[in-house]
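Working notes, beginning with the structure itself.
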Amino acid sequence: VQLQASGGGLVQAGGSLRLSCAASGFTFGDYSIGWFRQAPGKEREGVSCISSSSSAGRTYYADSVKGRFTISSDNVQNTVHLQMNSLKSEDTAVYYCAATRGLTAQTICRMQFRGFWGQGTLVTVSS
């Protein structure tokens, strides 16, 4: 099982980035996948999550990113994208993707769970 996160970088406030989480080694459509972030000195936060293709209520967004971030799933490429627009300095963090089965998007974004985690990708937003 592998989750490969990419797309981080340095961007000015107000700019955009697109993160990608490429999955392999498991049946992609059976898993819910989420994006999480952790800034220095802060707890990890569930940013946005998407349920497996068979689940209702497919997406969840933290209040801090609603209207600015969009999560999407490409079941052909087995990749989940996070489009981040109108970035703010407070979005600066290491972003991780994770996958698990049997849980909704809201659950994995808001609660602890057992699953697979990818390595992080650093997003730095300069003000």
Minimal non-hydrogen separation, Gly34 against Ile108, with atom names: N-CD1, 3.8 Å

Pairs touching residues 69-115 that satisfy disulfide bond (SG atoms under 2.5 Å apart), sequence neighbours left out: Cys21-Cys97, Cys49-Cys109

Spacing of CZ belonging to Phe69 relative to CG belonging to Leu87, to within rounding of 0.5 Å: 5.0 Å

Minimum heavy-atom distance Thr79-Ser20, with the two atoms named: CG2-CB, 4.0 Å

In one Ile/Leu/Val/Met/Phe/Trp/Tyr side-chain cluster, 4.5 Å: Ile50, Leu82: yes

Spatial distance of atom OG1 (Thr92) from atom NZ (Lys42) [nearest 0.5 Å]: 9.5 Å

Approximate separation, where rounding is to 0.5 Å, of Leu17 CG and Asn85 CG: 9.5 Å

No-hydrogen, no-angle side-chain donor-acceptor test under 3.5 Å, Thr107 and Thr104: yes

Euclidean distance, Ser24 OG relative to Gln2 CD, rounded to 0.5 Å: 4.5 Å

Hydrophobic cluster identity match, Ile33 and Val65, side-chain contacts under 4.5 Å: yes

Show me the donor-acceptor pairs, under 3.5 Å and distance only, between side chains in residues 119-127 and residues at least two apart or in other chains.
{"unit_1": "Gln119", "atom_1": "OE1", "unit_2": "Ala5", "atom_2": "N", "d": "3.4"}
{"unit_1": "Gln119", "atom_1": "NE2", "unit_2": "Ala5", "atom_2": "O", "d": "2.7"}
{"unit_1": "Thr121", "atom_1": "OG1", "unit_2": "Gly8", "atom_2": "N", "d": "3.0"}

Smallest separation among heavy atoms of Ala93 and Ala39, with atom names: CB-N, 3.8 Å

Spacing of Arg18 atom CZ and Met84 atom CE [to the nearest 0.5 Å]: 11.5 Å

Between Asp30 and Ser52: side-chain donor-acceptor atoms closer than 3.5 Å: no

Note, Arg37 side chain near Ser64 side chain (heavy atom, < 4.5 Å): yes

Spatial distance of atom OH (Tyr61) from atom CD1 (Ile71) [nearest 0.5 Å]: 6.5 Å

Lys88 with Asp91: basic N within carboxylate O range, under 4.0 Å: no

same_hphob_cluster(Leu19, Val11) at 4.5 Å side-chain heavy-atom cutoff: yes

Non-neighbouring partners of Phe113 that pass ring pair (Phe, Tyr, Trp, His ring centres under 6.0 Å), sequence neighbours left out: Phe36, Trp117

Backbone of Arg101 reached by a side-chain donor or acceptor of Ser32 within 3.5 Å: no

Donor-acceptor pair, side chain of Arg58 and main chain of Ser51, under 3.5 angstrom: yes

Within 6.0 Å of CZ in Arg110, more than 12 heavy atoms from elsewhere: no

Qualifying residue, where the test is side-chain contact (heavy atoms from CB on, under 4.5 Å) with Asn78 and the options are Phe26, Phe28, Tyr31: Phe28

Ser72 and His81: side chain donor to acceptor below 3.5 Å: no

